[in-house]
Every structure is written in structure tokens, then in C-alpha cells.
Amino acid sequence: MSNNIKEIIAARDAVGFATAAGTDMHNRLGRIMIGDEVECGDVDLIAKIKANPQLAKMFCPKSMTEVPVAGIVSNRFISRRIDRLYVDDEAKTVYILDYKTDVSRDLFHDKYVSQLREYSILLRQVYPKHTCKCFILWTHDWVLESL
């Protein structure tokens, strides 16, 4: 087999592995709930989440996962799913969290920021008296980026 074909196969396998790993991480994070009296989900991920109080509140029992949103943004219809959403009515704040498994933050960063901006625009229509706070959780090194 030529080196060119080996490289193509290796690249395809790498993309497949990355996609599977990302899907697995999203699924594991989607099953986590952290409350005063109960914790559900992967104990290793719960420990990482609880180490960051700002992140931990987004995994409370009132938070929601895979929340569908749709509407018009910049004269264009969009339909997406928010990885995790927490609406704190007392603080009048909507927390939007997106999980990213990329090893490089720079490669698609502008695209991700735009995606979260769209979420925020749509949610401000639903919660006009709330402030929207958007975050990216980079799961490869467990950094929470506030946008």
C-alpha cells in the first residue's frame, strides 16, 4: 500500500476517533447532575466540575441538556442544540455552556464564539429581562472560557 493511501486511512481513522471521543464526552457530561443532596453521573467528571464553582452551578438539578433552540438571527433561520442551559431566575441570568473536545482552541474558536452568540440572541428573545452568560468548556484540559 502506498504511503499516500496509508496517510488517507490514518487521517480518516483519526477523525473517526475524535468524533467518537467527542460524542462520548458529550454523553457523559449530559448525564451529570450535582445537587445538595444528590449527585449523578461519572464520578471523575463530577470531581472536575465541582473543582470550579462557576462550572458546578451549571450542573445543578434545574439545568437542562441538549436544549433545542431555533429562530431568526441576522435574517437567517437557525436550529441548534445547546449542550447545557441553566436559567437562574433569581439572579436574572441565563447560563449557556458548550462543550468542546478540540485539542486546539484556535482552529474553530471564531466559529464557536459565533455559535454561542447566536444562542444568546435567541435566548434573549425568550428571557428579555435576563442577562446571558456564555461559556465554553474545553474538555481536553478542563478550562472554562467565559465569552
Discussion item. Tell me if the CG atom of D141 is crowded by more than 12 foreign heavy atoms within 6.0 Å.
Written reply: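 More than 12 heavy atoms, drawn from other residues, nucleotides or ligands, come within 6.0 Å of this atom.
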Minimum heavy-atom distance [X]-[Y], with the two atoms named:
| X | Y | value |
| --- | --- | --- |
| A51 | P53 | O-CD, 3.7 Å |
| C40 | V38 | SG-CG2, 4.0 Å |
| C132 | R124 | SG-CG, 3.8 Å |
| A70 | F77 | CB-CZ, 3.8 Å |

Separation between [atom1] of [X] and [atom2] of [Y], rounded to the nearest 0.5 Å:
| X | Y | atom1 | atom2 | value |
| --- | --- | --- | --- | --- |
| Y112 | D98 | OH | CG | 8.5 Å |
| H26 | E66 | NE2 | CD | 6.5 Å |
| I82 | L116 | CD1 | CG | 8.5 Å |
| S120 | K133 | OG | NZ | 12.0 Å |
| Q115 | L147 | CD | CG | 10.5 Å |
| I121 | Q125 | CD1 | CD | 8.5 Å |

Discussion item. One pair to check against side-chain contact (heavy atoms from CB on, under 4.5 Å): D83 and T65. What are the steps and the verdict?
Written reply: CA-CA 5 Å; D83 290 337; T65 62; over 6 Å; no
Worksheet entry | salt_bridge(D42, K48) N-O dist < 4.0 Å |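 K48 and D42: not salt-bridged.
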Worksheet item: Can a salt bridge be assigned to the pair E39 and K50 using a cut-off of 4.0 Å between side-chain N and carboxylate O?
Response: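 Salt bridge: yes.
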Discussion item. I78: which residues meet the side chain to side chain contact (heavy atoms under 4.5 Å, CB included) condition with it, sequence neighbours left out?
Written reply: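 Result, side chain to side chain contact (heavy atoms under 4.5 Å, CB included) vs I78: V73, R76, R80, E118, L122.
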Worksheet item: What do the steps show when you test V94 against V126 for side-chain contact (heavy atoms from CB on, under 4.5 Å), and what is the final call?
Response: CA-CA 10 Å; V94 175; V126 179; over 6 Å; no
Worksheet item: Tracing side-chain links under 4.5 Å among I, L, V, M, F, W and Y, which residues wind up in one group with L45?
Response: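 Besides L45, the hydrophobic cluster comprises M25, L29, I32, I34, I46, I49, L55, M58, F59, Y86, Y95, L97, Y99, F135, L137, W142, L144, listed by chain and residue number.
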Worksheet item: Can M64 be reached from M33 by stepping across I, L, V, M, F, W or Y side chains whose heavy atoms are under 4.5 Å apart?
Response: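 Per the 4.5 Å side-chain linkage, M33 and M64 are not co-clustered.
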Fill in: W138-V103 co-clustered via ILVMFWY side chain contacts under 4.5 Å
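As far as the 4.5 Å side-chain criterion goes, V103 and W138 are not connected within one cluster.
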Worksheet item: Does the side chain of L85 come within less than 4.5 Å of V69's, by heavy atoms?
Response: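 A side-chain contact is absent here, since even the closest heavy-atom pair is not under 4.5 Å.
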Practice prompt. For Y127, check ring-ring contact (aromatic ring centres under 6.0 Å, His included) against everything at least two apart and list the hits.
Written response: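 Here the qualifying residues are H130.
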